[in-house]
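Down below is the structure, laid out as structure tokens.
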Amino acid sequence: MSHKEIRVRFAPSPTGPLHIGGVRTALYNYLFAKKNGGKMILRIEDTDQTRFVEGAEKYINEAFKWCGVEFDESIGKGGKYGPYKQSERKHLYKDYAQQLIAKGKAYYAFDTAEDLNEIRNSFEAEKKTFVYNAAERSKLNNSLTLSEEETKQLISSGKEYVIRFKMPENEVVVMEDIIRGRVEVNTSVLDDKILFKSDGMPTYHLANIVDDHLMEISHVIRGEEWLPSLPLHVLLYDAFEWERPVFAHLPLLLKPDGNGKLSKRDGDRLGFPVFPLQWKDPKSGETSRGYREDGYFPQAFINMLALLGWNPGDERELFSMDELIEAFSLERVGKSGSKFDQEKAKWFNHQYLIKQDDEFLANKLMPIVIKNGVLAEKEQLTKAISLVKERVSFVSELWDQLDFFFKRPQEYDEKAVKKRWKAASYDILLELKELLENVSDFTSENTETVVKQWIEEKEYGMGAVMNAFRLLVVGALKGPHLFDIIELIGQEETLERIDQGLHELGRKE
RNA sequence: GCACCGUUCGUCUAGCCAGGUCAGGACGCCAGGUUUUCAUCCUGGUAACACGGGUUCAAAUCCCGUACGGUGUACCA
């Protein structure tokens, strides 16, 4: 029996953009499938037609494409267990619901939503909790209290009905979860959940069990918010006499401050994205930030997400997708929720940025350079990037670190001038300019040798010369190795910048 | 309210199942070092077993309770 193929699924409902908790759930499913040579399935659960959101399904596909989570079977890819969208499987569910009725495991109920609300309210007034189960169902309007005749008549007369699961009375349900271990619940606290709605669609509970069974899902890996309905699901498998899949309920992603499930609002409030991709709400027109648009590399995003709730058991932190697959196991997923930490996320991105090819980064940066009104040669930009990339976490931060390669100083940092432009500076820099005018080999290595030798001979002092020199070339006391900078901007530009600086700052009294 | 799940540095976490380690690592923060500057980098430091009982020679680890938090409790998923 252990020869059974590993098949897992990620089953979002297309009610909006996928948030990073969902992405992580999908990622763990994916890693688990790949690790075990299994299949990863994407199934769209759109049984609630009232919550349909335009563009959500497309968003889901794009998001996974961006971060490198691939599906073996899905709407786009097909597969022999399709269709992979529940609204297209509609015809299947009613029959299964009726099978349950035939087995005495479910029944028709005619109570309207209003009826039930009323009852709930009156219970609440007496500080009691209404539960539609063995304790109360005999007093309600259903095929258990009505005669077969009456039931049939009601249905044929077009009366709206739902199909409810007949929850056993006072039984202990024993469940196994890979992450939580054994969990036990008494059925007397559970209710007769609706399996089939009056609009002709199944609820999540029915559809999910039927589809997981039909699609031969071996492991159900999902968020912890499903744990309370696990008894129902397990009982449904038993009622159908189907083999239960293995369950693993993942801990939740929490908001960075305080407690509670991470939500869209937290991102807006704390200033970080909760979605992989930017999302524009078709109704409100409101736009939410995405990791992609914020400049995160997909690998960094995945790496960060993978480590939020799982760890390899050793001290490695940087993983490619293949390395994650190799190292992953559900047993090493923690039990408690994790808070997202933006600083750590930045650090991951920094690590990946350093590893990126300089030319690749230059291509990414070029639009920003152009936006700043500068025409830079790709080759120059690539070299400049190689000199400064260790200083930043995002491509968008690069410009601030290397704009001086392409722009002469517009102004000279006031504090720096005060500190480093001394009485002797003018004459020394004038002399340095003459020195550099006569250098024919303007490589960093050579100019460094020449200048340092000159400083030593004249006993000017390193700090006094270099800081003033940097001030004229860069406009501030920042940036990488100065001789690397002047090599890149070239001899002519270097000399002109010295000239400009001498003219602007003048001889200090 | 009821049910279920959870709780180790500020954060992510190792260690817990098979009790004995100065409770380890990473991010952040702080200090020092390197450097012509800033940043990087290197070194060091900071800081945690929710609480109370019990079992035991010995408890973060096993048991019970309490507190706190989370999730669920829809004809949503």
Side-chain angles (χ1 to χ4, degrees), chain A residues 11-15 45-48 50-51 109 111-113 116-117 120 124 127-131 160-164 177 179-181 183-186 188-191 193-199 201-205 207-208 222-231 249 251-252 254 256-261 304 307-317 331-332 334-348 350 354 388-392 401 413 416 419-420 448 451-452 455 461-471 474 476-483:
Chain A
S13 77
T15 52
E45 307 220 325
D46 57 345
T47 52
D48 186 356
T50 63
R51 294 210 304 160
D111 321 270
T112 65
L116 261 17
N117 260 334
R120 278 199 192 94
E124 209 170 301
K127 297 209 172 198
K128 288 194 293 184
T129 313
F130 171 73
V131 184
E160 285 206 337
Y161 66 87
V162 298
I163 296 174
R164 283 181 182 270
D177 181 282
I179 293 165
R180 325 255 150 208
V183 179
E184 297 185 4
V185 177
N186 192 300
S188 59
V189 299
L190 270 19
D191 62 347
K193 272 274 170 311
I194 291 175
L195 302 176
F196 198 82
K197 302 184 270 185
S198 60
D199 68 356
M201 286 294 259
T203 60
Y204 167 83
H205 302 293
N208 139 20
R222 77 231 291 198
E224 194 184 357
E225 69 267 29
W226 293 112
L227 201 50
S229 39
L230 180 58
H249 288 87
L252 265 19
L254 273 21
D257 60 336
N259 293 298
K261 218 164 45 158
M304 177 272 294
L307 272 296
L308 224 47
W310 169 85
N311 77 84
D314 54 40
E315 279 164 13
R316 286 177 298 164
E317 296 215 79
E331 284 74 17
R332 293 208 64 87
K335 295 182 195 327
S336 51
S338 348
K339 292 176 184 170
F340 169 81
D341 180 0
Q342 194 174 13
E343 289 307 318
K344 191 88 183 232
K346 281 184 189 165
W347 177 80
F348 274 113
H350 173 70
I354 293 169
V388 303
K389 66 184 207 179
E390 287 190 344
R391 302 159 173 260
V392 303
Q401 297 294 330
D413 182 72
K419 193 172 169 198
R420 294 298 189 180
E448 179 167 359
V451 171
K452 283 190 172 169
I455 290 173
M462 251 334 215
V465 178
M466 294 306 295
N467 284 300
F469 186 18
R470 176 177 294 276
L471 184 57
V474 175
L477 299 177
K478 64 169 191 179
H481 194 58
L482 189 51
F483 296 103

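The basis for the numbers below is simple: all heavy atoms, side chains too, and nothing from hydrogens, waters or symmetry mates. Proteins come first, then strands; the chains are lettered A, B, ... in the order of their sequence lines, and each starts at number 1. These figures come from a predicted structure and were not determined experimentally.
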Check every strand shown and say whether [X] touches a base, only sugar-phosphate, or nothing at a heavy-atom separation below 4.0 Å.
| X | value |
| --- | --- |
| A:T50 | nothing |
| A:P480 | base |
| A:G463 | nothing |
| A:G309 | sugar-phosphate |
| A:L252 | sugar-phosphate |
| A:V162 | base |
| A:R51 | base |
| A:T203 | sugar-phosphate |
| A:N117 | nothing |
| A:S338 | sugar-phosphate |
| A:H481 | base |
| A:K261 | sugar-phosphate |
| A:L307 | sugar-phosphate |
| A:R332 | sugar-phosphate |

Tell me which nucleotide, if any, is Watson-Crick or G-U wobble paired with [N] when both distances must be under 3.5 Å.
| N | value |
| --- | --- |
| B:A60 | none |
| B:A3 | B:U71 |
| B:U35 | none |
| B:A47 | none |
| B:C9 | none |
| B:A14 | none |

Worksheet item: Would you say A:E317 and A:K344 make side-chain contact, with heavy atoms under 4.5 Å?
Response: yes
Practice prompt. For A:K339 and A:L254, indicate whether the former's side chain and the latter's backbone hold a donor-acceptor pair under 3.5 Å.
Written response: no
Practice prompt. Say whether, by atom type as modelled, one donor and one acceptor occur between the side chain of A:K335 and the main chain of A:I179 under 3.5 angstrom.
Written response: yes
Worksheet entry | Partners meeting ring pair (Phe, Tyr, Trp, His ring centres under 6.0 Å) with A:W226 (sequence neighbours left out) | A:Y204
Item to complete: Name all residues meeting the ring pair (Phe, Tyr, Trp, His ring centres under 6.0 Å) criterion together with A:H350; count only those two or more places apart in sequence or in a different chain, and write none if there are none.
Response: none
Worksheet item: Nucleotide range of RNA chain B contacted by chain A, 5' to 3', under 4.0 Å to a heavy atom?
Response: B:G1 to B:A77
Worksheet item: So which one's nearest nucleotide on RNA chain B is more toward 5', A:M462 or A:G334?
Response: A:G334
Worksheet item: How do A:Q401 and A:F196 order along RNA chain B: which one's closest nucleotide is nearer the 5' end?
Response: A:Q401
Worksheet item: How far apart are the closest heavy atoms of A:E160 and A:S198, and which atoms are they?
Response: OE1-OG, 3.6 Å
Worksheet item: If every non-hydrogen atom of A:R332 is compared with every non-hydrogen atom of A:W310, which pair is closest and at what distance?
Response: O-CD1, 3.5 Å
